[in-house]
Amino acid sequence: MTHDLVIKGARVVSASGTTQCEIGIKDGVIATLGHDLASAEVIDATGLIALPGGIDSHVHISQPSGPGIEMADDFTTGTRAAACGGNTTVLPFCLPEEGQTLREAVAAYRAKAEGNCLTDVAFHLIVKETDPVTLGQDLPALIEAGYTSFKVFMTYQGLALSDRQILEVMSVAKAHGAMVMVHAENEDAIEFLRDRAERTGETAPYHHATTRPVPVEREATHRAISLAEIAGVPLTIVHVSNGEATEEIMRARQRGLTVFAETCPQYITLTADDLDRDGFEGAKYVCSPPPRTRDEWANIWRGIETGVFDLFSSDHCPFRFVDTAGKDAPGARQSFRNIPNGIPGVETRLPILFSEGVVKGRISLDRFAALTATNHARLYGLFPRKGAIMVGADADIALWDPTLTKPIRQSDLHHGSDYTPWEGFTVTGWPVRTLLRGVTTMQDGAPVAAAIGQHLTREAPDVLR
Ligand code: DUC
Ligand code: ZN
Ligand code: ZN
């Protein structure tokens with residue numbers, strides 16, 4: 001067979017292990033893994049590692065974030081940054097605006113993404129209403145149409161669902177075959193701590209962290225797992241930040257429950273002290289759950305190394321810092337309550353895990369591929385088309401230089417935010433070329449293609465098939 005493109009000379013992290021071989025690509029699909037392959041075009045990847053293109057299954061793009069607040073990324077900048085960070089697919093959330101049905105929201109997000117993406121895109125839903133139309137009509141129809149995962153919140157006024165409502169949502173997931181993702185923090189406990197902090201003048205960004213302590217997350221994690229057990233559904237706990245929540249997940253698995261878990265770069269590299277930086281700088285690090293301590297980094301690493309965590313996602317939720325529509329929102333300097341919640345990270349997720357995990361000897365290349373691509377595809381109904389370098393899969397590949405060492409700099413990044421929480425953080429190992437269905441989307445750190453990203457229809461999660 002003559003291929004359209006062959007990648008030669010790379011160590012290939014394939015679905016069946018890491019080997020030295022060539023990757024033959026035809027019509028955007030991996031056609032051959034072998035040697036001495038014929039092709040019209042060749043990429044010499046000597047000295048590089050070929051990994052599956054990253055799938056970031058937890059990003060927020062163009063999501064409404066309150067009156068007067070604007071997310072820093074639209075689909076053009078968000079997926080451009082993703083591609084430059086070695087990703088080929090992202091899964092943003094679809095949040096209905098006030099008065100909008102879930103189906104209308106999906107149509108609106110699809111329209112915002114259409115023709116603007118440098119990665120492929122598929123959407124999770126956020127379920128914030130449990131009226132009969134949402135649960136009886138919209139959600140079943142959307143699951144049928146391939147929106148096979150949705151997030152529920154246990155925190156945030158206007159988003160948080162009661163235990164009863166979560167059970168109702170879970171029973172729709174059970175009946176129609178979808179994955180429930182949970183943001184596990186106890187809203188009442190946070191409100192109590194937040195009101196008390198404000199009464200005593202503890203209003204600086206740092207107190208975002210002190211009012212969302214570990215027990216707030218541990219308790220909600222335990223409760224979410226119990227609700228999933230009662231409803232009889234698998235569950236994914238997203239953005240786990242600490243050891244006690246991790247233990248809840250381990251205990252649930254020991255009881256035979258199917259619980260998946262996600263963590264993020266902020267929980268192995270940032271601490272609550274970052275929120276205590278001079279002046280208003282701490283606002284740059286306000287996200288939920290908050291970054292914890294160095295001891296918690298060790299707990300999260302143990303979970304990554306021992307397989308408790310299935311997913312390593314960015315939770316990219318970007319706001320600009322010098323902007324009254326961003327972190328410097330009206331009232332934000334008076335109380336942390338008013339600081340928009342979230343940090344940018346879609347472009348830096350993979351280099352941080354490669355450097356801190358693979359280069360420092362904590363995880364293998366195979367485990368890196370599972371945590372950053374394969375498991376995301378399996379859990380969210382994209383496998384085997386996405387998530388692994390194997391014959392028949394889309395030719396979504398990131399070529400990595402494992403020796404390239406440089407600090408993360410805002411000036412090198414491509415997101416819409418005006419800062420990175422990892423400014424100056426030195427990383428060894430960077431993606432130097434990203435290919436989406438065989439087309440180069442990033443080369444040497446710069447975006448190079450037109451917006452060729454497509455919307456992906458998903459199957460049911462592997463575990464439900
Ligand atoms: N949860 C997220 O998943 N992202 C940003 C904010 C939040 O609370
Ligand atoms: Zn969340
Ligand atoms: Zn998120």
Side-chain angles (χ1 to χ4, degrees), residues 55-66 69-73 78 81-82 90-95 109 121-128 149-161 166 169 179-187 189-191 194 205 208-209 211-213 216-218 220-221 223-224 235-242 245 260-267 270 275 283-292 309 311-320 326-327 329 332 336-346 348-349 376 379-380 415-417 421:
I55 301 177
D56 196 339
S57 63
H58 190 150
V59 302
H60 304 264
I61 298 176
S62 282
Q63 190 177 301
S65 308
I69 306 299
E70 253 177 58
M71 198 154 266
D73 275 316
V90 297
L91 283 89
F93 290 86
C94 171
L95 173 66
Y109 276 81
V121 174
F123 290 98
H124 305 292
L125 312 173
I126 292 175
V127 182
K128 62 174 197 174
S149 51
F150 31 84
K151 184 174 175 186
V152 295
F153 285 81
M154 300 172 87
T155 184
Y156 300 128
Q157 278 169 14
L159 278 183
L161 300 185
I166 292 173
V169 174
M179 177 64 70
V180 180
M181 310 158 76
V182 177
H183 179 132
E185 288 186 297
N186 179 322
E187 175 65 13
I190 293 165
E191 265 310 311
R194 199 147 61 174
H208 172 80
T211 55
R212 304 178 97 96
V216 159
E217 184 182 345
R218 183 196 64 219
T221 303
R223 187 156 37 99
L235 179 70
T236 299
I237 309 283
V238 295
H239 47 48
V240 176
S241 74
N242 67 83
F260 299 97
E262 174 199 80
T263 192
C264 313
Q266 42 275 35
Y267 306 122
L270 305 177
L275 282 80
K284 289 180 175 176
Y285 303 86
V286 166
C287 62
S288 298
R292 306 288 182 186
F309 291 106
L311 305 168
F312 190 83
S313 308
S314 67
D315 196 2
H316 179 75
C317 187
F319 298 96
R320 289 172 49 80
K327 293 288 186 183
F336 61 88
R337 183 192 287 273
N338 301 313
I339 301 172
N341 222 300
I343 59 175
V346 73
T348 44
R349 168 187 75 127
H376 301 250
L379 220 55
Y380 297 126
H415 57 207
S417 189

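Whatever order the structure lists them in is the order used to number ligands and atoms, beginning at 1.
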Can you sort out which atoms of ligand 1 are near [X], meaning under 4.0 Å from one of its heavy atoms?
X	result
H58	2 (C), 3 (O)
Y156	6 (C), 7 (C), 8 (O)
C317	5 (C)

Is it the case that the side chains of [Y] and [X] hold a donor-acceptor pair, with the cut-off being a distance below 3.5 Å and no angle test?
X	Y	value
S288	H208	yes
R292	S241	yes
N242	E217	yes

>> As a test of reading the structure, name the N/O/S atom of H60 that is nearest the Zn ion (ligand 3).
In response: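 The atom in question is NE2.
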
>> How far is atom 3 (O) of ligand 1 from the closest protein heavy atom, and which atom is that?
In response: K151 NZ, 2.5 Å

>> Among all the protein's non-hydrogen atoms, which is closest to atom 4 (N) of ligand 1, and how far away is it?
In response: D315 OD1, 2.8 Å

>> Regarding ligand 1, does N341 bring an N or O atom to under 3.5 Å of one of the ligand's N or O atoms?
In response: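 Among all N and O atoms of N341, none is under 3.5 Å from an N or O of ligand 1.
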
> With a cut-off of 2.8 Å, which protein N/O/S atoms are close to the Zn ion (ligand 2), if we only count those under it?
Replying inline: K151 NZ, H183 ND1, H239 NE2

With side chains defined as the heavy atoms from C-beta onward, is the minimum distance between [X] and [Y] less than 4.5 Å?
X	Y	value
M181	S149	yes
H376	L91	no
R212	P289	no

>> Parallel, tilted or perpendicular: which one describes the rings of H183 and Y156, with boundaries at 30° and 60°?
In response: perpendicular

> Is the H60 ring parallel, tilted or perpendicular to the F93 ring (thresholds 30°, 60°)?
Replying inline: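 It falls in the parallel class, under 30°.
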
> Between H58 and S314, what is the shortest heavy-atom contact and its length?
Replying inline: O-OG, 3.5 Å

> Considering M181, E185, H183, which one's heavy-atom position lies nearest to atom 1 (N) of ligand 1?
Replying inline: H183

>> If we check side chain to side chain contact (heavy atoms under 4.5 Å, CB included) with V182, which of these qualifies: V238, V152, V169, T236?
In response: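 Only one option passes, and that is V152.
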
